[in-house]
Structures are given as C-alpha cells and as structure tokens.
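Remarks on the structure that follows.
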Amino acid sequence: MLSQEGSVSESQIKSNMDAMYRWTRHVYDASRKYYLLGRDKLIGRLGITQNDLVCEVGCGTARNLIKMKKRYPEAKLYGIDASDEMLKTAQGSIDHNGFENDIKIANGFAQSFSAGQQFGLDRIFNKFVFSYSLSIIPPWQESLDHALDILPSGGEIHIVDFGSCDGQPPFLRKIIFWWLKMFHVFYKPEIEAYLRELEATGKGLLHVEHLYGGYCYLAVFKKA
C-alpha cells in the first residue's frame, strides 16, 4: 500500500503500534482524557439504532465502544485495532463492564479489514467511527477510501480529530502543538481537505464542526 507518508507495510504498522502501546496502554485513558476532546460529543451524535452495525476503526482501549454501549443499549458494536497490546486492555475493559457478548473486537488494519474476515458477519457495517485515529494512521487516505467502499448508500463515517487551533492565541497554539508532539500525534489538514474533495466529486455529503477554538473538529460524511 502507498500513502502520502510513503510505503509502510502492515506488519511494520503493527510492530510500531505494539511498541508504542505496550506500556502506555495501562495509563492511556487516564492521560488522554485531558486532550482527546470531543469524543463524547461524537458519541452523542451517532444516533445508533438497533439495526445499525457500528465499527470503530482504531478502537484502542475500547473506551468509546463502552460509552456507546451504555448510551445505546441495543447497539451492535465492533472495533478493530492494529495493536494486539492495546486489544488486551480493550478486552479487559469490555469484560469488566460485562459487555463481552455485546462488543466484539479484533486485530485488523484500517485499510484492509472486513466484517466477514474479522467478525464472521454476513452484513456490512453502516457506521464507522474514527476517533483520533486518522491522525496516527499512516495510510489514512486509503483507510477512508476503504470505509467508504464498504458503506452502503446512506452509511456514515464519523470523525473526531485534531484541528488547526486557528482560534487559539499564537503562543497557546505553539504550546498545544508542542504538547501533542510529545505524544506522537499531529494535526493533519490534508484529512479535512480530502473529505471536502470527496464531497465535491459527489461521493457524499460532509458536515464539519470545529470545536474549542479549532482544537479539534467533528466531521460526518454520509455516503451518496
């Protein structure tokens, strides 16, 4: 596969993710809650019904999936992540909350997973969630294209990720970007630009909302 950041094999992605999260997974939720803003707003706007099949791409610790299940008790929820290390924490959290029969997770890659291969489903997902994952996925464009290919007409991609911070004072903007860099995460303006390109070419309808002085954005892309 080829992305804007060069050719990166799936095995290398997995190795990188496992190395990154082998130890930090234990404190991930406690540390990330202070700067992964907007996740609960995304969950509140999903509008999941009992007929929806929802998959979070890059589900991490399953924090979002567990909150989705609590908000939408009838939801059928699935998650994939490239890191086996992160999935250990995710499964432990799912079991601890008693959702082992309601939330299914599996190892998989954002640009190549399938409902059948990972979960043995004979239906396709009709909602995808990317929560602060596109900004750390090397083949982010291929990942969006793959999700869009899978979705039926009317299906939705829900995204929350880092924004430009244009509404912040310049000194604070520099501090925020420096802080995020410490955690190996970065603002990628090309993601929103690509979503607008998809809309312009008739692939669907895009709604984008910038929050907290541009610190992050929520995007919903509804497939035509």
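In this chain, numbering begins with 1 at the start of the sequence shown. Here the structure is a predicted model, which is why all the values come from computation and not from measurement.
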May I ask you to test the [X]-[Y] pair for a side-chain heavy-atom distance under 4.5 Å?
X    : Y    : result
Y217 : V160 : no
I103 : Y78  : no
L218 : V208 : no
L195 : I159 : yes
H158 : F221 : no
L134 : L144 : yes

Exercise. Taking it one step at a time, do L198 and L206 satisfy side-chain contact (heavy atoms from CB on, under 4.5 Å)?
Worked result: CA-CA 9 Å; L198 290 173; L206 174 66; over 6 Å; no
Problem set entry | F125 and F113 aromatic ring geometry - parallel, tilted or perpendicular at 30°/60° bounds |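 Answer is tilted, since the angle falls between 30° and 60°.
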Nearest atoms (heavy-atom pairs only) where [X] meets [Y]:
X    : Y    : answer
A224 : G202 : CB-O, 3.6 Å
V129 : V54  : CG2-CG1, 4.3 Å
C59  : I105 : SG-CG2, 4.2 Å
S143 : F130 : O-CZ, 4.1 Å
K188 : I137 : NZ-O, 3.6 Å
G60  : A90  : O-CB, 3.2 Å

Give a yes or no answer on whether the side chain of [X] reaches the backbone of [Y] with a donor-acceptor pair at less than 3.5 Å.
X    : Y    : value
Q118 : S114 : yes
S131 : R39  : no
Y72  : I43  : yes
D81  : N107 : no
E56  : G79  : no
R173 : S164 : yes
K223 : L148 : yes
K104 : E100 : yes

Exercise. What residues, two or more places apart in sequence or in another chain, satisfy side chain to side chain contact (heavy atoms under 4.5 Å, CB included) together with E209?
Worked result: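 For E209 the side chain to side chain contact (heavy atoms under 4.5 Å, CB included) partners, ignoring immediate neighbours, are R45, H207, L211.
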Enter the distance from [X]:[atom1] to [Y]:[atom2] here, rounded to the nearest 0.5 Å.
X    : Y    : atom1 : atom2 : answer
S112 : I80  : OG    : CD1   : 7.5 Å
M68  : L46  : CE    : CG    : 5.5 Å
D161 : Y215 : CG    : OH    : 10.0 Å
L172 : C165 : CG    : SG    : 7.5 Å
E74  : I48  : CD    : CD1   : 11.5 Å
Y187 : C216 : OH    : SG    : 12.0 Å

Exercise. Is there a side-chain contact (heavy atoms from CB on, under 4.5 Å) between K70 and N97 once you walk through the steps?
Worked result: CA-CA 10 Å; K70 291 178 178 179; N97 282 273; 3.4 Å; yes
Exercise. When hydrophobic residues are tied together by side-chain contacts of less than 4.5 Å, even through go-betweens, does F128 share a cluster with L205?
Worked result: no
Exercise. Does V220 belong to the same Ile/Leu/Val/Met/Phe/Trp/Tyr cluster as V57, with side-chain heavy atoms less than 4.5 Å apart forming each link?
Worked result: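 V220 does not cluster with V57.
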Problem set entry | Derivation and outcome, side-chain contact (heavy atoms from CB on, under 4.5 Å), residues I176 and F162 | CA-CA 10 Å; I176 290 172; F162 297 108; over 6 Å; no
Problem set entry | By salt bridge (charged side-chain N to carboxylate O under 4.0 Å, His left out) - contacts of D40 (at least two apart) | R63
Problem set entry | Partner residues of E192 under the salt bridge (charged side-chain N to carboxylate O under 4.0 Å, His left out) criterion, sequence neighbours left out |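 Checked E192 against salt bridge (charged side-chain N to carboxylate O under 4.0 Å, His left out); matches are R196.
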Exercise. Using a distance-only test with no angle check, is there a side-chain donor-acceptor pair under 3.5 angstrom linking N64 and Y132?
Worked result: no
Problem set entry | Residue pair D102, K76: steps toward the salt bridge (Lys or Arg N to Asp or Glu O under 4.0 Å) verdict | CA-CA 7 Å; D102 303 299; K76 300 178 181 66; over 6 Å; no
Problem set entry | Candidate pair N126 and I124, rule side-chain contact (heavy atoms from CB on, under 4.5 Å), full reasoning | CA-CA 6 Å; N126 62 312; I124 57 175; over 6 Å; no
